[in-house]
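So the structure is just underneath, and the comments pick up after that.
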There are 2 protein chains.
Amino acid sequence: MDLNERKLKILQAIIHDFVTTAEPVGSRTLSKKYDLGVSPATIRNEMSDLEEMGYLTHPHTSAGRVPSQQAYRLYVNDLMNKYELPEEEKARIAEELYSNVRELDKTVEYAAKLLSNITNLTSFAMTPKQDQDVLRFINLLPVDERTIVLMIVSESGKVSNMALKLKNGYDEDSLALMSKNMTYTFKGKTISEALTLDIIDTVHSDVAAMNELRQSVMPSFMKTLEDMLNVNLYMDGLTNIFNIPEYNDIDRAKMFMELINKKEDFTKHLIQRDDGLLITIGTENNDESMADCSMITATYHVDGRLVGKLGVIGPTRMKYSEISSVIEFLTDNLSNAYQITGGDDDDD
Amino acid sequence: MDLNERKLKILQAIIHDFVTTAEPVGSRTLSKKYDLGVSPATIRNEMSDLEEMGYLTHPHTSAGRVPSQQAYRLYVNDLMNKYELPEEEKARIAEELYSNVRELDKTVEYAAKLLSNITNLTSFAMTPKQDQDVLRFINLLPVDERTIVLMIVSESGKVSNMALKLKNGYDEDSLALMSKNMTYTFKGKTISEALTLDIIDTVHSDVAAMNELRQSVMPSFMKTLEDMLNVNLYMDGLTNIFNIPEYNDIDRAKMFMELINKKEDFTKHLIQRDDGLLITIGTENNDESMADCSMITATYHVDGRLVGKLGVIGPTRMKYSEISSVIEFLTDNLSNAYQITGGDDDDD
DNA sequence: TGTTAGCACTCAATAAAAGAGAGTGCTAAC
DNA sequence: GTTAGCACTCTCTTTTATTGAGTGCTAACA
């Protein structure tokens, strides 16, 4: 028994119908709605074969057929024809996105909002991993007798800082020297690289005051670098799942919410995902609580180096083709937006 | 007909029972569970009176009685006896909170987490309004030919900054002079005050270069000040509502989630609330979507000046007494934690 | 040999009916 | 003023029928 042309056609029709209606598809419905050229009885036979091959399942004997995870995988790999967003839709999205370009974080947040509005699913967008961001400038600033501010500026324009209270005072010359030394040492290094450098030996000095200063500053410096590595995860459309028949059950809705609300776990999961457009279906997510969800994610690039991610999560029954296009379109635009304006602004 | 001793006793018993069981309370149950010294029939008569007076309602004829909003208000005002947290519980909470004191934002976030864990409700905690924070230090730093960083340090130790790309270059002397002028002008002013000062006339100079610099810097300065006013709202225990019988209905759960997810609106609502321990019940929330919710909030103080808020939201049927104590205890501890360590650290 | 009409059978979903149980409200007696 | 007794109400649960979508099998057909 092999997957001949007709079987594929029927399978595709079933998937299409189920994705739109969320109801198991029967042979009669299928023959009426789709021009398959054969009778319901024939379709029934083919469906029976498809079920045996693992592409369809049966909620119960007298119900129609439902595509299996295997069917969706086949569909995504081979059957799905690339969906091209209508030009006006593209224009609308781009317009909305560009007119909201301010700070990267805000734009990323807005992209997530747009995505959930368009797809009616739960969306998420992750700010870029900053590990490849390069340090440009480090400065220690006097504020008052005991207080100094450590400031780090990166090539992407991000500024991070931390106020420090010193046990003893400091003298301004040491501070300036220390700033110079640090900039000299770390400038041009990525944040990851900077973090691997041995703290003690990075900035040499024979002056006792300098040594003391160094011991106060370096731990904060390292901590600030680590903070710079943190990514933000924005989510939107969380309540969309309540409109999806699959989640009309309070327990499933709860499970979904709990999954989504563990932001840290979810972020880790996201970071580990492969880059590019990636569709994972059901158990492919390698996570029990996502066993009946699918995720579509794609990556965007800022500055040609920093990589962020964006995508949706929803029931396995989703419009893979349309949604993939939207996501790809959004990531392309996000990348472009930040190639044009560059990292020329940022905030705290 | 007046609210005599016995009526109050019965009402209190009904409230207690309903709050714990979530089931309408009948006269028989009441006489069995609580030592009221009268028969169910008498209780029935009193209940009938209480209903007439507006303290009880009837889901339907053959159901028990349910406290009305008016009853909860009476309870909260007059009947509720102050609940004292057990010492061990206090110790445990304090221990958990103090051992997690790092940055203010993190601590506030953690307080929300603790609160939802203890109460099994949805909790929220707002970082302090910074409008009374006083500016301490303003600096403009050269980064490269076209880039400078504007940095603002406040008395509470918060550092904010923004990278600026200038159309034309700048000269370092102007930069230093401008920094000095700005610090001179704004130092000691609260953020609110600084925002009301006329931008153009604040920093005078006759030098043309300075004027140009000022025109580039001032808008960013104002924007950064505005950003400093933003508060963060942390929420926790969002999925707790799924365990509450009142929200076992998918539509109500959805409404609640939508309410909670409009963070900006919710924050506004919070800011407008009175300070101190405040309990609002049902329609007292002045918000249709909260008409069957109650909120308990309290304020904490950082540095004796900055005021943040923290609280819970849940069904009107909640343990007002216990929850109020927990919230008060948390706000006290939060205030204390930041009187001791002071605002000596902060981050971006 | 593949296709199709026909038909019995299955099973969820809906509706209708019956029964149980909790609780009230009224009356009359204490 | 308090209470026992009892009829009545109304939800909730269980049971029973009914409907209808859909399958799977068989036998006939091209």
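Just so we're clear, the structure is a prediction, and the values are computed from it rather than from any experiment. Residue numbers begin at 1 in each chain, while the letters A, B, ... track the order of the sequences. Worth knowing before you read on, the calculation uses all heavy atoms, side chains too, and leaves out hydrogens, waters and symmetry mates.
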Could you list the residues that satisfy side chain to side chain donor-acceptor pair (under 3.5 Å) with [X], not counting sequence neighbours?
{"X": "T122(A)", "value": "none"}
{"X": "S39(B)", "value": "T42(B)"}
{"X": "D287(A)", "value": "S289(A)"}
{"X": "S62(B)", "value": "H60(B)"}

Exam field: side chain R273(B) to backbone L278(B), donor-acceptor pair closer than 3.5 Å: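 Yes.
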Send over the distance from [X] [atom1] to [N] [atom2], rounded to a whole Å.
{"X": "E46(A)", "N": "dT4(C)", "atom1": "CD", "atom2": "P", "value": "11 Å"}
{"X": "L36(A)", "N": "dT4(C)", "atom1": "CG", "atom2": "C1'", "value": "15 Å"}
{"X": "R6(A)", "N": "dG2(C)", "atom1": "CZ", "atom2": "C1'", "value": "8 Å"}
{"X": "D49(A)", "N": "dT3(C)", "atom1": "CG", "atom2": "C1'", "value": "14 Å"}
{"X": "N4(A)", "N": "dT1(C)", "atom1": "CG", "atom2": "C1'", "value": "15 Å"}
{"X": "I43(A)", "N": "dA5(C)", "atom1": "CD1", "atom2": "P", "value": "11 Å"}

Heavy-atom protein contacts under 4.0 Å, nucleotides 9-30 of chain C, coded B base, S sugar-phosphate only, - none: -BBS---------BSBB-----
Evaluation steps, salt bridge (Lys or Arg N to Asp or Glu O under 4.0 Å), between R317(A) and E23(A): CA-CA 11 Å; R317(A) 178 188 65 82; E23(A) 296 291 333; over 6 Å; no
Salt bridge present between K9(A) and E46(A) (N-O < 4.0 angstrom):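 Salt bridge between K9(A) and E46(A), a charged N being under 4.0 Å from a carboxylate O: no.
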Contiguous Watson-Crick or G-U pair runs (3 or more, under 3.5 Å) in DNA chain C: C:1-30 with D:1-30
Modelled atom types, side-chain donor and acceptor of T316(B) and Q69(B), under 3.5 Å: no
